[in-house]
Amino acid sequence: MRGRRRHHETAIKGLLAACALISVATTAGIILALASETLAFFKQISPFRFFTGTVWAPTFGSNAAFGVLPLINGTLMVTAIAVGFATPIGLAIAVYLSEYAPKRVRSALKPCLEVLAGVPTVVLGFFALNFVTIRLLEKGIPGVERFNALSAGLVVGLMIVPLIASLSEDAMRSVPQGLREAAYGLGATKRITALRVILPAALSGIASAVILAMSRAIGETMIVAIAAGNQPRMSFNPLEGIQTMTAYIVQVSLGDTPTGSIAYRTIFAVGTTLFAITFLLNLLSIRIVRKFRETYQ
């Protein structure tokens with residue numbers, strides 16, 4: 001009997017180890033898929049020229065330009081707008097659900113957040129183009145273009161609100177109840193307790209949630225492809241049309257670019273750059289969690 005149990009435990013450990021290795025193998029497969037074409041691209045185009053150039057026109061034949069900075073600029077602009085819009089809203093929702101909402105209200109609001117997180121991004125893209133942009137144009141704001149970074153960023157921010165709210169609320173609810181009771185015992189109000197006790201105690205989880213949401217915003221494709229336009233500009237004006245790295249990949253991969261051409265290989269070079277940025281953000285998230293994590297006895 002004991003021998004059979006030992007064999008079962010060994011089999012379960014092997015199965016769990018295999019499942020854990022799937023993520024590692026997937027990451028390795030992504031790197032291998034990108035590496036060969038990216039290296040072939042950098043044999044033709046200098047990495048210095050690629051990462052410092054301010055003009056991106058890889059399909060213009062003899063006048064082609066391969067500076068990826070306009071794409072990075074557009075991606076970071078949309079991400080900054082999205083995170084700046086979503087973070088205060090997401091944290092406010094998390095504070096309410098964790099510290100103020102009755103149990104019945106919390107059980108009703110949480111599924112609503114999940115529904116918002118499940119809305120297809122192509123639907124959100126058309127919402128950005130046909131609702132948010134129209135409202136900006138109706139306001140008569142000077143300089144607003146039909147395709148612009150602001151509307152795309154706001155709707156990407158709307159998309160990542162559930163991620164920030166849910167993860168932050170989980171981090172806040174994991175703070176021991178004893179800290180709340182100690183704060184109340186010292187005469188603190190619920191607001192002071194939430195802002196000066198619970199939020200600092202859950203800082204590592206909240207920071208991790210924001211960084212993961214930032215990674216999600218950087219990798220968003222359909223919203224920016226529909227609402228932000230396809231003009232790779234080195235501009236910091238959110239009212240103008242821009243192009244992100246993901247939107248460029250979609251544009252070229254759906255076109256008639258010949259396989260093996262330099263324009264085709266730019267897809268992999270841009271994809272590798274995007275992968276590196278999101279990978280570094282995930283590493284930063286892990287480092288923040290380890291550095292600021294609070295442990296309680």
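Quick caveat, the model's predicted, so the values are computed rather than measured.
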Please evaluate residues T278 and S215 with respect to the criterion side-chain hydrogen bond (donor to acceptor under 3.5 Å, both in side chains), reporting the C-alpha separation (whole Å), side-chain torsions for both, the decisive distance (0.1 Å), and the verdict. CA-CA 5 Å; T278 54; S215 299; over 6 Å; no
Exam field: side chain T133 to backbone A128, donor-acceptor pair closer than 3.5 Å: yes
Are F50 and F41, when compared by the centres of their aromatic rings, separated by less than 6.0 Å? yes
May I ask you to test the M172-L199 pair for a side-chain heavy-atom distance under 4.5 Å? yes
Please check this pair: side chain of R233 against backbone of I242, looking for a donor-acceptor N/O pair closer than 3.5 Å. no
Do you know which of P232, P58, P70 makes side-chain contact (heavy atoms from CB on, under 4.5 Å) with Y248? P58
Examine distances only and state if a side-chain atom of E220 and a backbone atom of M222 form a donor-acceptor pair shorter than 3.5 Å. yes
To the nearest 0.5 Å, how far apart are OG in S151 and CD1 in I226? 11.0 Å
Quick check on the hydrophobic clustering: are L113 and L167 connected, directly or via other members, by side-chain heavy-atom contacts under 4.5 Å? no
Does one hydrophobic cluster hold both L203 and L212, with members joined at side-chain heavy-atom distances below 4.5 Å? no
Validation row: I192, T189 side chains within 4.5 angstrom (heavy atoms): yes
Indicate, with yes or no, if V55 and M77 share a hydrophobic cluster defined by side-chain heavy-atom contacts under 4.5 Å among Ile, Leu, Val, Met, Phe, Trp and Tyr. no
Flag side-chain contact, heavy atom, 4.5 Å: S23 against T26: no
With the threshold set at 4.0 Å, does a side-chain nitrogen-carboxylate oxygen contact exist between K110 and E114? no
Other residues, nucleotides and ligands only: do more than 12 of their heavy atoms fall within 6.0 Å of CZ on R135? yes
Is any NZ, NE, NH1 or NH2 atom of the basic residue among K190 and E99 found under 4.0 Å from an Asp or Glu carboxylate oxygen of the other? no
Please check if atom CZ in R146 has more than 12 non-hydrogen atoms from other residues, nucleotides or ligands closer than 6.0 Å. yes
What closest approach, in Å, do L158 and P162 show between heavy atoms, and which atom pair accounts for it? O-CD, 3.5 Å
Hey, does R265 have a side-chain heavy atom less than 4.5 Å from the side chain of Q44? yes
Are V270 and W56 close enough, and set up right, to give a side-chain contact (heavy atoms from CB on, under 4.5 Å), and what steps lead you there? CA-CA 11 Å; V270 173; W56 180 257; 3.8 Å; yes
Look at the side chain of T273 and the backbone N and O of A269, then say whether any donor-acceptor pair between them is shorter than 3.5 Å. yes
For the residue pair V175 and R180, establish whether any side-chain heavy-atom pair is separated by less than 4.5 Å. yes
Could you work out, with side chain to side chain donor-acceptor pair (under 3.5 Å) as the rule, every residue matching T75, not counting sequence neighbours? none
Any donor and acceptor pair, going by atom type alone, linking the side chain of S98 with main-chain N or O of V95 inside 3.5 Å? no
Would you check if Q243 and Q251 make a side-chain contact, meaning some heavy-atom pair closer than 4.5 Å? yes
Heavy-atom closest contact (I93 atom, A165 atom, distance): CG2-CB, 3.9 Å
For the atom pair OG (S235) and CD (E240), what is the distance rounded to the nearest 0.5 Å? 3.5 Å
Do you know which two heavy atoms are closest between I223 and A152, and how far apart they sit? CG2-O, 3.9 Å
Indicate yes or no: does E9 engage K13 in a salt bridge with an N to O separation below 4.0 Å. no
Mind listing the closest non-hydrogen atom pair of A217 and V156 along with its distance? CB-CG1, 3.7 Å
Run F275 and I31 through side-chain contact (heavy atoms from CB on, under 4.5 Å) and show every step you take. CA-CA 9 Å; F275 176 79; I31 293 173; 3.9 Å; yes
Can you check whether L124's main-chain N or O pairs, donor with acceptor, with T121's side chain at less than 3.5 Å? no
Does a side-chain heavy-atom distance below 4.5 Å link Y96 with L109? yes
At what distance, to the nearest 0.5 angstrom, does CG of L274 lie from CG of L71? 10.5 Å
If we only count heavy atoms from C-beta on, is the I262 to F66 side-chain gap below 4.5 Å? yes
From T246 OG1 over to I218 CD1, what is the distance, rounded to the nearest 0.5 angstrom? 10.0 Å
Has S168 got a side-chain atom pairing as donor or acceptor with I164's backbone, closer than 3.5 angstrom? yes
Between the OH atom in Y100 and the CZ atom in R191, the distance rounded to the nearest 0.5 Å is 7.5 Å
Measure the spacing between CG of L281 and CD1 of I286 and express it to the nearest 0.5 Å. 11.5 Å
Tell me whether the count of non-hydrogen atoms from other residues, nucleotides or ligands lying under 6.0 Å of CZ in F279 goes above 12. no
Main-chain N/O of T272 paired to T38 side chain as donor or acceptor, under 3.5 Å: no
E145 (side chain) donor-acceptor with G241 (main chain) under 3.5 angstrom: yes
